[in-house]
Protein chains: 2
Amino acid sequence: MDIVFKAINDPTRREILRFLTHGPQNAGMIAQQFNMTKPSISHHLDLLKQAHLVDFSKNGQFMVYSLNKSGFESIHAWFQLFTLYFELPKPKIRL
Amino acid sequence: MDIVFKAINDPTRREILRFLTHGPQNAGMIAQQFNMTKPSISHHLDLLKQAHLVDFSKNGQFMVYSLNKSGFESIHAWFQLFTLYFELPKPKIRL
DNA sequence: TAAATAATTAGTCAAATATTTAAATATAAA
DNA sequence: TTTATATTTAAATATTTGACTAATTATTTA
C-alpha cells in the first residue's frame, strides 16, 4: 500500500502516468518526454511497476509500458473512506 | 498540488486523517494515538494543514483539528483523469 | 502573578530518495 | 558474428524527510 503513495508522490512519475493515458509507450518514448537521463526514467518506471500503477510487456528489444488499473484501485479504496466522510448527512438540529 | 501528494505519502499522516474521520479532535488527543512525540505530530499536522487536508480552530488552549474537504478534492481531480482512462470504451474490432 | 498545561518552533541527525555516470544485458541488423 | 540499439543495473553523491530534544508561546488555574 505504502508503495502506491510513494509512487505518486514524485512529479516525474505523475507525469509518466499522465503521458500513458495517451496509450502504451515504450521506455525510450517515455524518456524522450523528460529532461532526464534514461536510467532515471527506468528507475521511476520500476517504482511505478512495483506499485502496480503500470504494467509492461516486451516487444523485441522494446519494453512497452501501459497503465495498470490495479494500482489505481488501491488508491481509490483508500480514498473511499473520506468520500464517505464528506458525503455523510450532517446531523440535523431539531427546531 | 505537490504538497498534497507529499502529505499523504507518510503513513503517520494517513493514520491521522483516518482518525479524524471519527470527528474533530484536539492535538493532544491525536498525539495520544501515536507512539511518537508531540512535536513530531505537530509537524505532521502542519503539513496536513499546508495541503488543506485538515483545518483547525482554536478552542481556548486547545487546537482542534478536523478534515478539510478541499485537499481531498484536489486528489480527486487528479484521479479523475485515470478514472476516465479506464472507463473509456475499448475500440471494438469490426467482424 | 506564579505555576501548570497545551501546543508549536528551532536545531540536529540518521535514513530515505532522486539523480547522475559507467557498466552490463538483451535483442536486432549488417 | 560483429556492431548498433534499447533498456536496466550498479555505484556514488546531493537533497529531502522524519524523528528527537530543548526552548518558546499562549492559555488557564491556583
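Just so it is clear, the model here is predicted, and its values are computed rather than measured.
Summarising the geometry, the separation between NZ on Lys58(A) and P on dT5(D) is reported as 18 Å, rounded to the nearest angstrom. For Lys49(A) and dT9(D), the NZ to C1' distance is 11 Å, given to the nearest whole Å. dA28(C) atom P lies 8 Å from atom CG of Asn59(A), rounded to whole Å. Asp46(A) has its CG atom 13 Å from the C1' atom of dA18(C), to the nearest Å. In this structure, Gln50(B) places its CD atom 10 Å from P of dT9(C), rounding to the nearest Å. Atoms CG (Leu48(A)) and P (dT8(D)) sit 12 Å apart, rounded to a whole Å. For Asp2(B) and dA18(C), the CG to P distance is 12 Å, given to the nearest whole Å. Between Ile3(A) atom CD1 and dT17(C) atom C1' the separation is 12 Å, expressed in whole Å.
Taking only side-chain atoms of Phe62(A), from C-beta outward, the nucleotide of dA18(C), dT20(C), dT7(D) with the closest atom is dT7(D). Checking dT8(C), dT20(C), dT17(D) against every side-chain atom of Ala27(B), the shortest atom distance belongs to dT8(C). The side chain of Ser42(B) has dT9(C) as its nearest neighbour among dT9(C), dT8(D), dA18(C). Closest contact between the side chain of Thr37(B) and the listed nucleotides dG18(D), dT21(D), dA7(C) involves dT21(D). Among the nucleotides dA7(C), dT7(D), dG18(D), the one closest to the side chain of Leu47(B) is dG18(D). Closest to the side chain of Lys6(B), out of dT8(D), dG18(D), dT27(D), is dG18(D). Listed candidates were dT19(C), dA6(D), dT27(D). Nearest to the side chain of His44(A) is dT19(C). Among the nucleotides dT8(D), dT8(C), dG18(D), the one closest to the side chain of Pro39(A) is dT8(D).
Between Arg14(A) and Asp2(B) there is a salt bridge, since at least one side-chain N of the basic residue sits less than 4.0 Å from a carboxylate O of the acidic one.
A heavy-atom distance below 4.5 Å is not found between the side chains of Phe72(B) and Thr83(A). Side-chain atoms of Leu20(A) and Gln25(A), non-hydrogen and from C-beta on, do get closer than 4.5 Å to each other. Looking only at side-chain heavy atoms (C-beta outward), Phe86(A) and Thr21(B) stay at 4.5 Å or farther from each other. The shortest side-chain heavy-atom distance between Ile41(A) and Lys38(A) does not fall under the 4.5 Å cut-off.
Taking 3.5 Å as the limit, the base of dT5(D) and the side chain of Gln61(A) contain a donor-acceptor pair of atoms between them.
Proximity of Asn26(A) to the phosphate of dA6(D): no side-chain N or O atom is located under 4.0 Å from OP1 or OP2. Residue Tyr65(B) has a polar side-chain atom (N or O) positioned under 4.0 Å from OP1 or OP2 of dT8(C). A close approach under 4.0 Å does not occur between any side-chain nitrogen or oxygen of Ser40(A) and OP1 or OP2 of dA18(C). Put simply, His43(A) has no side-chain N or O that comes within less than 4.0 Å of OP1 or OP2 on dA10(D).
Residue contacts shown for Phe34(B) are absent, as no nucleic acid heavy atom lies under 4.0 Å away.
Using cut-offs of 30° and 60° on the angle between ring planes, the pair Tyr65(B) and Phe56(B) is tilted.
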